[in-house]
Amino acid sequence: MVDAMMGEAGGATPEYMAELRLKFGLDQPLHLRLAHYLTSLATLDLGYSHRLQAPVLALIMTRVPSTLLLMSAAIAIALPVGTLLGAAQSRRPGSALDTAISVFVLSTHALPAFWLGLMAIVFLAADRGWFPTGGLASFDAPAEGRMLDVLHHLVLPAVTLANLYVAVYARLIRTSLLELKGADFVRTARAKGLSPERVFWVHTVRNALLPVVTMLGMQIASMLSGAVIVESVFGWPGLGRLAYEAVFARDTNLLLGILFLGSILVTLVNFGVDVLYGVIDPRVAA
């Protein structure tokens, strides 16, 4: 790290480089540095970013709300859209509608996120002017309208990130619904005289959501990595863009801190998924 910093600065004296190694603790044996790092992690002391001249934890916490907002919006778009498309496919499997939806979702899923984001900026932001080209909010947005302004900036990044997962949820829902059509609880609900629509949406779809929720918990990590691309394209000030900047700045402390807190976030989300199982299907909680 010291050699890289001095290389970018154009060189330095051996005395100054030795001082920097002492300051960063690079003069200590590897096992002592590892023990010190693990002890610091236990107290959430993630170190100091010498590039940005600020504590790593403070830098990360300023970006976490933006990333959580982007991920929540993407999930709020991808999950219902994927569920509706998969449900529509399962009602008439093998039909023209089923084929058309499959071709559409798989084609959009194959589009790279950075290309889709750039095309959205070119055609919907720069050309049409319907949406902002990037950022979290406008500099001149009034305080009373700031929330609407943030939501306006959120549309394109959220749709771009959600596009990566709509096809996955649609295929999962379609497969689950087709498997549950002949299930015992479905036949029992029909025998009770419930309407076909109630049987489908209340009983069948609800149980078909379990594998989707499982996939959602598994995809949080990939959604964080996808946020790196989307946030970089749209200039969204979140963890993804901060990680992108840390890589190019060779800010090791900042990058390790982002990865550490990202792993904690994934663990918490998977715990929340386990809790959500009991809400969707009470038999799991029992």
Side-chain angles (χ1 to χ4, degrees), residues 1-6 8 20-76 78 113-114 136 154 157-158 160-162 164-165 213-276:
M1 182 173 66
V2 172
D3 294 337
M5 292 176 61
M6 293 304 98
E8 294 175 0
L20 284 179
R21 288 192 176 92
L22 181 63
K23 180 180 180 180
F24 295 151
L26 299 178
D27 59 321
Q28 300 177 358
L30 181 60
H31 66 280
L32 291 181
R33 288 156 53 189
L34 178 60
H36 176 71
Y37 179 70
L38 294 178
T39 304
S40 299
L41 286 184
T43 59
L44 286 182
D45 179 10
L46 304 182
Y48 191 82
S49 172
H50 297 276
R51 297 286 187 179
L52 300 178
Q53 297 297 310
V56 170
L57 183 60
L59 289 172
I60 292 176
M61 295 311 295
T62 59
R63 302 293 188 98
V64 167
S66 298
T67 295
L68 290 180
L69 176 62
L70 176 60
M71 292 175 58
S72 300
I75 294 172
F114 72 90
L136 177 64
L154 179 63
T160 303
L161 185 58
L164 300 174
Y165 306 100
V213 173
T214 302
M215 181 61 67
L216 176 62
M218 296 171 58
Q219 286 181 331
I220 292 299
S222 65
M223 189 170 289
L224 280 173
S225 62
V228 175
I229 300 174
V230 173
E231 291 180 4
S232 300
V233 170
F234 289 97
W236 187 263
L239 280 179
R241 187 181 177 190
L242 186 63
Y244 177 83
E245 295 169 351
V247 169
F248 280 90
R250 299 184 182 182
D251 195 336
T252 307
N253 287 341
L254 180 56
L255 187 58
L256 289 176
I258 294 173
L259 295 176
F260 175 69
L261 288 186
S263 63
I264 292 179
L265 177 62
V266 171
T267 303
L268 292 177
V269 169
N270 280 276
F271 176 77
V273 167
D274 291 339
V275 175
L276 190 58

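Computed from a prediction, not measured in an experiment: that's the story for all the values here.
The two residues Tyr165 and Ala78 make their nearest non-hydrogen contact at CB-CB, 4.2 Å. Scanning both residues, Ser49 and Leu59, for their nearest heavy atoms gives CB-CD1, 3.7 Å. Shown here for Ala35 and Thr39, the closest heavy-atom pair between the two residues is O-OG1, 2.8 Å.
A distance of 11.0 Å separates CD1 in Ile258 from CG in Asn253, rounded to the nearest 0.5 Å.
Without hydrogens or angle criteria, Thr67 side chain to Val64 main chain gives no donor-acceptor distance under 3.5 Å.
Sorted by first then second residue, the salt bridge (charged side-chain N to carboxylate O under 4.0 Å, His left out) pairs that include residues 260-273, not counting sequence neighbours, number zero. For residues 213-224, the set of pairs meeting the salt bridge (charged side-chain N to carboxylate O under 4.0 Å, His left out) definition, not counting sequence neighbours, is empty. Residue pairs meeting the salt bridge (charged side-chain N to carboxylate O under 4.0 Å, His left out) criterion with at least one partner in residues 220-238, sequence neighbours excluded, do not occur; the list is empty.
Checked against side chain to side chain contact (heavy atoms under 4.5 Å, CB included), Leu136 has the following partners two or more places apart in sequence or in another chain: Ser66, Val150, Trp236, Pro237. Partners of Thr160 according to the side chain to side chain donor-acceptor pair (under 3.5 Å) rule, which considers only residues two or more places apart in sequence or in another chain, do not exist here. Taking Ala158 as the reference, Leu70, Ala73, Ile77, Leu154 meet the side chain to side chain contact (heavy atoms under 4.5 Å, CB included) condition, with sequence neighbours excluded. Among residues two or more places apart in sequence or in another chain, the side chain to side chain contact (heavy atoms under 4.5 Å, CB included) test is passed with Ala246 by Asp251, Leu254, Leu255. Annotation: side chain to side chain contact (heavy atoms under 4.5 Å, CB included) contacts of Leu164 (sequence neighbours excluded): Ala113, Leu161.
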Please set out all donor-acceptor pairs under 3.5 angstrom arising from side-chain atoms of residues 238-245, sequence neighbours excluded.
from, atom 1, to, atom 2, distance (Å)
Arg241, NE, Glu245, OE2, 3.4
Arg241, NH1, Gly235, O, 3.1

| message | Before you tell me yes or no, could you show the steps for Leu46 and Phe260 under side-chain contact (heavy atoms from CB on, under 4.5 Å), namely the whole-Å CA-CA distance, both residues' side-chain angles and the distance that decides it to 0.1 Å? | response | CA-CA 9 Å; Leu46 304 182; Phe260 175 69; 3.8 Å; yes
